[in-house]
Participant: 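The structure is given below, and queries will be raised subsequently.
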Amino acid sequence: MENKEMLLSVRDLTVEYTSEDEVVHAVNHVSFDLARGSTIGLVGETGAGKTSIARAILRILPEPPARVPSGEIIFEGKNLLTLREEEMQKIRGKEISMIFQDPMTALNPIMRVGEQIAEVVRLHEHCSKAEGTKKAKEMLEMVGIPGERYYEYPHQFSGGMKQRVVIAMALACNPTLLLADEPTTALDVTIQAQVLDMIRDLRQKLGTSMIMITHDLGIVAEVCDTVAVIYAGEVVEYGTKEQIFDNPLFPYTIGLFGSLPDLTSDVERLSPIEGLPPDPSDLPRGCAFHPRCPHACEACEKAHLPLADVGGGHLCRCNRLDAIAAEGKKKEARA
Amino acid sequence: MSTPMIEVRHLKKYFDTPKGTLHAVDDVTFKIGKGKTMGVVGESGCGKSTLGRTMIHLLESTDGQILMNGEDITRVDKKQLHEINEKMQIVFQDPYSSLNPRQTVEEIIREPLTLSRRYKSRAEIDEKTEDLMHLVGIDERLRHAYPHELDGGRRQRVGIARALSLNPEFIVCDEPVSALDVSIQAQVLNLLQDLQEKQGLTYMFVTHDLSVVRHISDDICVMYLGQLVETSPAKELFIRPLHPYTKALLSAIPSTDIHHPHERIHLKGEITSPIDPKPGCRFAARCPYACDACHQPQQLTELTPNHFVSCCRAAELNGL
C-alpha cells in the first residue's frame, strides 16, 4: 500500500522473543499509518507490545532473543527492516528519534548532560566540537533549562529536568519522526503538564510527526490525532481520536474507559476488566480478549477476526458488535 | 461531632541532613472520622508518605500530637506501641519490594498472626490465613506461591491481606495502586472499598493520582512541601478549589473529555528545597498571585463550611 502522504507505514509487523523452550509473541501482525505532521497514540497495558513496536521501528530490539519474522516498516519510501545497519545508523537519532520512558536510566550518569546532547549533534551534523556545544546549549534553553547547566551531571537534575534533557536529546537533530515511549509516566502531574505542553509546542514549531506510547487515555486525548488500541500485541481498535473517545466499540477499549475514575461524574464502583492480560507465550485461540470479555460467545473462541471497517476508517476486530450495540440500546431504554 | 477515629495536631517530622534540617511534614492538622477515607494528595517529595508513616509510628514524630479515638498516642512505650501496631496498618506502594521474596504467600499472611500470640493453635492460624486469602480474592492454590510468581495485582492483594490480618481499625494506603495497570487498578480499588464497607475500616489514602483520590475519598488533604495547603470534602475540592496550588494541580490532569478542553494554569519553575525553608507559604515562589504577605506564616482558615485553606489571598481571589 503506497501512499505519498504517509510518512510511516507499518505493515503486518510481527515481533517474537525466543527463549529455550518458548516463543513470546509480543507483536502480532500490526499495521498502521502515520500521516506527516500528525500524532498517533498507541494505547495499551504493560506487556501489550507497545514498546516492542517502537523498538522495531528504530531497529533497537535486542536480537537475539528478539526476531522480526514478518512485516514492513516503510519510512519515507524505504523499508527500514531491510536497510543495512550503517544506513540505519544515519536515520537513528537524526530522522527518527526516541524519548525513553525512564529518564533516570536513559542518561549516562558519568557524562555531562550537555555532552550527551552534543554527541548526537556532532555525530549527525558532522560539525565541529564548538558548534555541537553551541547547539546543545540552544537545545537545553529550548526545553527550559539554563545553558550554564550544560556542564552538570544527571544526578544534579530533578526528574522533570532529566526528562527534558532526554527530550532535548531526541529533538536535537530536528527528527521527522519522534517516538515517545511513556514520556511522562515517571513525572508529577504539574511537571507532566509542562512536558506535554512543550512537546506540543515543539511539534507545532518543527512539524514533527509523533508516535505517542501511553497507557493514559487523558494524554491521548490531549496530544493525539489517531489512536490504535493494542491488546496482546495486536491492534484491536483503530480510529481518529473522536471515533475512539466518542464511540469506543471493542469491549477492551470500553473496559479501559470503565476502569478510569472520572473527575467530573460520580460512580460508586468502577467497572474493571475482569481477569488478567494473557500470557504472550501462550495466547488464547480466537479473539485474544475473549477470556476476559463480558460479551464473548462460542464463535469468539474460534474465529480470529481481521480488523473490519465499521465506518469512516474506524477499524475494530470484534464479531459481537451488533450484540453489544443491541444491549447498549436496551440499557438506554431501561434508563 | 463524635470523637474522630484518628486526629493529628500540628504534627511535624524533620530529618537532619548534612545540608540542614529537612522539613518533611510541617505543622499538619486534620481529623479522620470512623469508617471514612481521607485522601492525601501532592507531588513527589511533598511529605505525604512521611506523614502516613509518622502517624502509624513507623517514624517517630518530631513535634505535635497524634490521637486515636481521642487518646494521645504520640509518645508510647514498647508495650503500648505493640497494641497500636495491631490497630494501625499500612499497605505499601510497591508490592514488588514490600513482600519478602523468600516467603510464600501463606507465610507472609501468617506471620503477623503468629507474632500477635492472639491465636493458640496452629489450626486456628491456618483457618484465619485461609479466611484472609478468601477475603482479598487470592486463590487457595496460590498459598505456596512466592511473590515473584504473582502478577502485580495479586501481590498487592497479598499486601492487603497482611495488613488486614490483625483486624486493624485504621489503614494507611500508601500509593497502593500506582504500580498497577489501569484495569487491575480498578479491581484493587473496588476491593479496598468492599473491605471498608464490610469491616468498617478507616483509611488514609496517600496518592499522587487525583482521579483515584476523588473516587475513593470522603475528604481530601492537599500537601505542598510538607505543609497542608487545603483540606475539604472530596467533591467540593474538585468543584471549588480555593488554593492556587490546588487549582494548578487540578488543571494539570490530562482530561479524557476531548470536546471541552480545559484551561491549564501554567506553573513556572520547580519545587523549591524543603531543607531549612523560609517561613511563609512554600508555594509562593511558583504562585502567580504571590505578594509580600505570602512570606509571612500562613494560617489554615475555614473559608466555607469544612473547607480549610492555608492562603492569605484565598478569600479575596475567590470572592469570598
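In the text below, chain A, chain B and the rest are named by the order of the sequence lines, each starting its count at 1. Keep in mind it's a predicted model, so treat the numbers as computed, not measured.
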Participant: Measure E45(A) against the heavy atoms of chain B and call it side chain, backbone, both or neither at under 4.5 Å.
Facilitator: both

Participant: Which residue out of A193(A), G275(A), P272(A) racks up the most heavy-atom pairs below 4.5 Å with chain B?
Facilitator: P272(A)

Participant: Does a side chain donor of either H307(B) or E230(B) reach within less than 3.5 Å of an acceptor in the other side chain?
Facilitator: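 Side-chain D/A pair, H307(B) to E230(B): present.
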
Participant: Where do H243(B) and Y224(B) land on the side-chain contact (heavy atoms from CB on, under 4.5 Å) test, with the steps shown first?
Facilitator: CA-CA 11 Å; H243(B) 196 283; Y224(B) 187 79; over 6 Å; no

Participant: Between chain B and each of F245(A), F257(A), Y252(A), count heavy-atom pairs under 4.5 Å; write down the option with the most.
Facilitator: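 Max contact count across the listed options: F245(A).
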
Participant: For K247(B), does the NZ atom have more than 12 heavy-atom neighbours from other residues, nucleotides or ligands under 6.0 Å away?
Facilitator: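 Buried by this count: over 12 neighbours within 6.0 Å.
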
Participant: In terms of heavy-atom pairs under 4.5 Å with chain A, which of H208(B), R264(B), H259(B) leads?
Facilitator: R264(B)

Participant: Taking L256(A), D197(A), D216(A) one by one, which has the highest count of heavy-atom pairs under 4.5 Å against chain B?
Facilitator: D197(A)

Participant: Using the test side-chain hydrogen bond (donor to acceptor under 3.5 Å, both in side chains), find all partners of N247(A) that sit at least two apart in sequence or belong to another chain.
Facilitator: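 With neighbours one apart ignored, the set is empty.
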
Participant: At what distance, to the nearest 0.5 angstrom, does CD of Q227(B) lie from SG of C221(B)?
Facilitator: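 Answer rounded to 0.5 Å: 13.5 Å.
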
Participant: Which atoms of Q193(B) come close to chain A, meaning under 4.5 Å heavy atom to heavy atom: side chain ones, backbone ones, both, or neither?
Facilitator: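 Contact with chain A is through the side chain of Q193(B) alone.
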
Participant: When only heavy atoms count and the cut-off is under 4.5 Å, which of residues 220-233 of chain A reach chain B?
Facilitator: A221(A), E222(A)

Participant: Assess whether a salt bridge exists between R269(A) and D194(B), defined as any Lys/Arg side-chain N lying under 4.0 Å from an Asp/Glu carboxylate O.
Facilitator: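 Salt bridge present between R269(A) and D194(B).
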
Participant: Between F289(A) and F250(A), how do the two ring planes meet: parallel, tilted or perpendicular, split at 30° and 60°?
Facilitator: tilted

Participant: What part of N190(B) lies closer than 4.5 angstrom to a heavy atom of chain A: side chain, backbone, both or neither?
Facilitator: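 It is both, since atoms from each part get that close.
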
Participant: Could you check whether R214(B) makes a cation-pi contact with F238(B), meaning its NZ or CZ is under 6.0 Å from the centre of the six-membered ring and within 45° of the ring axis?
Facilitator: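 Output yes; distance and angle both within limits.
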
Participant: Below 4.5 Å, heavy atoms only, C-beta onward: do E43(B) and Y245(B) meet side chain to side chain?
Facilitator: yes

Participant: Side chain, backbone, both or neither: which part of I253(B) has a non-hydrogen atom closer than 4.5 Å to chain A?
Facilitator: both

